[in-house]
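The structure appears right after this line, and notes come after that.
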Amino acid sequence: DAEITQSPRHKITETGRQVTLACHQTWNHNNMFWYRQDLGHGLRLIHYSYGVQDTNKGEVSDGYSVSRSNTEDLPLTLESAASSQTSVYFCASSKDPGNTIYFGEGSWLTVV
Amino acid sequence: QKEVEQNSGPLSVPEGAIASLNCTYSDRVSQSFFWYRQYSGKSPELIMSIYSNGDKEDGRFTAQLNKASQYVSLLIRDSQPSDSATYLCAVTNTDKLIFGTGTRLQVFP
């Protein structure tokens with residue numbers, strides 16, 4: 001079955017370190033998204049991509065970057081992790097822009 | 001004003017009752033509307049999508065859309081304890097989905 005997988009599922013890192021969260025989907029969806037979810041804020045869009053070599057900033061992109069070298073993968077990099085980036089991160093994908101998106105299982109990141 | 005607003009709850013209903021979850025949105029040009037369910041510690045999963053005014057039914061779930069009032073709701077009939085979760089409303093903003101903060105539903109036996 002087609003799916004979307006994230007790794008690692010849980011990670012603890014230190015302030016200032018670079019961290020990369022992986023996202024891989026097998027639906028062959030062009031559109032991929034990264035959200036973070038925090039109490040009181042809900043799901044907030046970090047970055048998104050509509051195809052290979054395309055990346056766009058969402059509402060909370062500062063301190064994060066993505067790259068899209070193929071259809072299947074959209075890794076999220078925290079350049080220099082900060083405690084404010086402790087959160088649950090969800091990768092998602094969709095077939096068409098503005099249409100149903102499907103989520104991965106989430107990556108729990110703690111920055112100490 | 002938030003783009004998508006939901007009452008955070010918790011909304012508590014007895015087993016077998018109808019649960020009514022509401023959502024308002026600010027962008028009048030939004031065209032697509034979604035309800036997701038999220039269990040604690042899990043990822044959101046799609047329950048229903050609705051694109052035109054009126055009601056859309058799927059099993060025990062009914063989504064209602066009123067674009068003039070910028071209002072979308074989700075009714076859950078015959079609520080079960082297994083329906084206890086957070087329900088997220090999502091609305092398109094041009095080509096992206098914007099989520100509300102969710103309403104926590106508790107169904108007690």
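Each chain gets a letter, A, B and so on, in the order the sequences are listed, and its residues count up from 1.
- Summarising the hydrophobic clusters (Ile, Leu, Val, Met, Phe, Trp, Tyr; side-chain heavy atoms under 4.5 Å, direct or chained), the residues clustered with A:Ile46 are A:Val19, A:Leu21, A:Met32, A:Trp34, A:Val60, A:Tyr64, A:Val66, A:Leu74, A:Leu76, A:Leu78, A:Tyr89, A:Leu109, A:Val111.
- Hydrophobic clustering, with ILVMFWY side chains joined whenever heavy atoms are under 4.5 angstrom apart, groups B:Leu11 together with B:Val4.
- Here A:Gln37 contributes atom CD and B:Thr86 contributes atom OG1; the two are 8.0 Å apart, rounded to the nearest 0.5 Å.
- By number of non-hydrogen pairs under 4.5 angstrom with chain A, the leading residue of B:Thr92, B:Val91, B:Leu97 is B:Leu97.
- Taking a 6.0 Å sphere around CD of B:Gln106, one finds it holds more than 12 heavy atoms contributed by other residues, nucleotides or ligands.
- Only the side chain of A:Leu45 comes within less than 4.5 Å of a heavy atom of chain B; its backbone N, CA, C and O stay farther away.
- For CZ of A:Arg9, the number of neighbouring non-hydrogen atoms (other residues, nucleotides, ligands) closer than 6.0 Å is greater than 12.
- Both B:Val13 and B:Tyr87 belong to a single network of hydrophobic side chains, linked directly or stepwise wherever heavy atoms of I, L, V, M, F, W or Y lie under 4.5 Å apart.
- Within a 6.0 Å sphere centred on CZ of A:Phe103, heavy atoms belonging to other residues, nucleotides or ligands number more than 12.
- One distance of note links CD of A:Glu59 with CD of B:Glu3; it measures 7.5 Å at 0.5 Å rounding.
- Among the candidates A:Tyr35, A:Trp108, A:Phe33, the residue making the largest number of heavy-atom pairs closer than 4.5 Å to chain B is A:Tyr35.
- Below 4.5 Å, heavy atoms of chain A meet heavy atoms from B:Ser32, B:Phe34, B:Tyr36, B:Gln38, B:Gly41, B:Lys42, B:Ser43, B:Pro44, B:Leu46, all part of residues 29-46 of chain B.
- A:Ile101 and B:Met48 are members of different hydrophobic clusters when ILVMFWY side chains are connected at heavy-atom separations under 4.5 Å.
- Note: B:Thr101 OG1 to A:Arg44 CZ = 11.5 Å, rounded to the nearest 0.5 Å.
- In this structure, B:Ile50 is not a member of the same hydrophobic cluster as B:Phe99, with clusters built from ILVMFWY side-chain heavy atoms closer than 4.5 Å.
- Using a 4.5 Å cut-off between heavy atoms, A:Asn99 contacts chain B through both its backbone and its side chain.
- There is a path of hydrophobic side-chain contacts, each under 4.5 Å, that joins B:Phe61 to B:Leu21.
- Proximity to chain A (any heavy atom under 4.5 Å) is shown, for B:Ile98, by neither the backbone nor the side chain.
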